[in-house]
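Presented below is the structure to which this report refers.
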Amino acid sequence: MTAPDFDTSGAPGDGTRAVRAGLPEPVKYEPTLPGPVFAAHYHLPGEPTGPYTYGRDENPTWTRLEQAIGELEAPGRDGVETLAFASGMAAISAVLFSQLRAGDIAVLPADGYQVLPLVREQLTAYGIEVRTAPTGADAQLGVLDGAKLLWIETPSNPGLDVCDVRRLVAAAHAQGTLVAVDNTLATPLGQRPLDLGADFSVASGTKMLTGHGDLLLGYVVGRNAGPMAAVRRWRKIVGAVPGPMEAWLAHRSLATLQLRADRQTANALAVAEALRGRSEVSGLRYPGLPEDPSHEIAARQMRRFGCVVSFTLPTRARADRFLEALRIVDDATSFGGVRSTAERRGRWGGDAVPEGFVRLSAGAEDPEDLVADVLRALDESATL
Ligand SMILES: *Cc1c(COP(=O)(O)O)cnc(C)c1O
């Protein structure tokens, strides 16, 4: 699909930015993207100052990756800081636990990532009041009063509801509430939360950002120096830092982000279009489908609609047979990889979904092969 072009400034396009993001100035005989720097400590005679002192605080391979992610999440924006983490959860926890104190109020989505309920328990144990409301219909607005921090996940995983980020940010900022957006599903080429007004864009780099299903990573991008200093301090205290190899693999993978995102988005739309004609499929959701309840808001704030499609088959057994019958779609969790995956989400017990609910992540296969595999598996799973 072609992304609607919101950028009229003559700035480079997504593909150009993706292949060049975070690269150092060319130096004769040096590689384009220098390899991972494996270092627990650095030579440091005299006063312990300067960028590289100890490996839990800084690493040149992280610096380049952080620069790259910042260029994709907030192009042309000054004063933005990016911090890389060991995983998406490390990044999410760093924002929540560094910004909130006992007595504060936090608003989380009721239908967000399946680990959020555990986070909620921990926040509550520390004396923080946590309120939740669904993502759809901007319902979080109804519980925002007096909150210190609003956490948004749009599109939500796995339900694929979308909320109006600009509208929520306006209400939050009017009362001094910080806003963080989980940008995992969209990726920075799908949506740029800071451009929509958010204070933080937080994501798992484990999914489509890196796209090969071979590493865990997370990041926080923020526009406010004070809150970001607290996030950096939290990273140092907790030490949930990415390994240099993971950081380097992630940076290498960013070069193909636009290619992957375009192909996987197109494939997701093709799968969704094929599924909508099937009588055994209910609750089909894909924000890129014009008739989807999320589409109108998604089209206003997203530039690509992501690679995840969700739908429900009549029974748990039918869903299991469907997954078993797929040949080029792996039965696996996670999403965003170049190889398509699908799973019966109810097997984890964490999401409020029907037993037959399937979350499918479209990979980079040829669309006709992927659609054919899905339709054949639906046919084969009908009878046994
Ligand atoms: C996977 C995921 C996370 C957690 O990321 P990890 O890298 O697995 O820690 C957070 N939010 C969303 C929306 C996710 O899909």
Side-chain angles (χ1 to χ4, degrees), residues 108-118 132-137 139 153-163 182 184-186 204 206-208 264-265 267-289 291-295 298 305-337 339-363 370-371 373-384:
L108 302 186
D111 49 356
Y113 184 58
Q114 60 165 353
V115 181
L116 286 186
L118 297 179
T132 63
T135 298
E153 187 179 310
T154 181
S156 61
N157 169 25
L160 302 179
D161 274 325
V162 164
C163 58
D182 184 326
T184 303
L185 201 144
S204 169
T206 311
K207 316 287 172 58
M208 190 153 74
Q264 293 178 238
T265 301
N267 278 357
L269 182 62
V271 168
E273 283 171 345
L275 289 175
R276 79 177 152 193
R278 299 288 302 213
S279 58
E280 68 273 63
V281 169
S282 63
L284 174 65
R285 295 300 305 268
Y286 181 63
L289 276 181
E291 71 270 27
D292 190 274
S294 293
H295 183 71
F305 299 112
C307 63
V308 179
V309 178
S310 62
F311 56 97
T312 301
L313 293 174
T315 61
R316 172 182 175 158
R318 177 72 190 272
D320 283 338
R321 291 201 301 274
F322 167 71
L323 293 166
E324 173 83 30
L326 290 165
R327 288 184 198 140
I328 61 169
V329 180
D330 295 333
D331 188 343
T333 194
S334 199
F335 61 82
R339 287 169 280 272
S340 292
T341 57
E343 69 171 337
R344 200 177 61 75
R345 200 60 192 164
R347 67 180 173 172
W348 295 99
D351 303 313
V353 293
E355 286 287 3
F357 181 98
V358 174
R359 185 184 71 185
L360 186 146
S361 171
L370 180 57
V371 167
D373 197 43
V374 168
L375 294 180
R376 186 194 44 72
L378 275 180
D379 287 340
E380 283 179 15
S381 62
T383 50
L384 203 73

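No experiment lies behind these values; they were computed from the predicted model shown. One-based numbering along the sequence shown.
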Legend entry - Arg278, CZ atom: more than 12 neighbouring heavy atoms under 6.0 Å: yes
Legend entry - Contacts of Arg316 that satisfy side chain to side chain donor-acceptor pair (under 3.5 Å) - sequence neighbours left out: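 Counting only residues at least two positions away or on another chain, Arg316 forms no side chain to side chain donor-acceptor pair (under 3.5 Å).
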Legend entry - Distance-only donor-acceptor check, side chains Ser310 and Arg285, under 3.5 Å: no
Is the closest side-chain heavy-atom distance between [X] and [Y] below 4.5 Å?
| X | Y | answer |
| --- | --- | --- |
| Glu355 | Thr312 | no |
| Leu275 | Tyr286 | no |
| Val308 | Arg359 | yes |
| Val374 | Leu360 | yes |
| Leu289 | Leu284 | yes |
| Asp161 | Pro134 | no |

Inset, instruction - Could you tell me the separation between the CZ atom of Phe335 and the OG1 atom of Thr341, rounded to the nearest 0.5 Å? - result: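 That separation rounds to 9.0 Å.
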Legend entry - Rounded distance [0.5 Å steps], CD in Glu343 versus OG in Ser361: 10.0 Å
Taking all atoms of both residues into account, what is the closest heavy-atom pair of [X] and [Y], and its distance?
| X | Y | answer |
| --- | --- | --- |
| Ala268 | Val309 | O-CG2, 3.5 Å |
| Ser204 | Thr184 | N-OG1, 2.9 Å |
| Ala362 | Leu370 | CB-CD2, 4.1 Å |
| Thr154 | Val162 | OG1-CA, 3.3 Å |
| Gly363 | Gln264 | O-CG, 3.3 Å |

Inset, instruction - Could you walk me through whether Arg344 and Asp331 pass the salt bridge (charged side-chain N to carboxylate O under 4.0 Å, His left out) test, one step at a time? - result: CA-CA 8 Å; Arg344 200 177 61 75; Asp331 188 343; over 6 Å; no
Listing, residues 108-118 side-chain donor-acceptor contacts under 3.5 Å, not counting sequence neighbours, or none:
from	atom 1	to	atom 2	distance (Å)
Asp111	OD1	Thr135	N	3.2
Asp111	OD1	Thr135	OG1	2.7
Asp111	OD2	Thr135	N	3.2

Inset, instruction - Take Arg345 and Thr333 through the test side chain to side chain contact (heavy atoms under 4.5 Å, CB included) and record every step on the way to the result. - result: CA-CA 8 Å; Arg345 200 60 192 164; Thr333 194; 3.4 Å; yes
Legend entry - Verdict with reasoning, Leu185 to Lys207, per side chain to side chain contact (heavy atoms under 4.5 Å, CB included): CA-CA 8 Å; Leu185 201 144; Lys207 316 287 172 58; over 6 Å; no
Inset, instruction - Using side chain to side chain donor-acceptor pair (under 3.5 Å) as the criterion, point out the one residue from Arg321, Glu324, Arg318, Arg376 that pairs with Ser381. - result: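 Among Arg321, Glu324, Arg318, Arg376, the one meeting side chain to side chain donor-acceptor pair (under 3.5 Å) with Ser381 is Arg318.
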Legend entry - Parallel, tilted or perpendicular, as decided by the 30° and 60° cut-offs, for the rings of His295 and Phe305: tilted
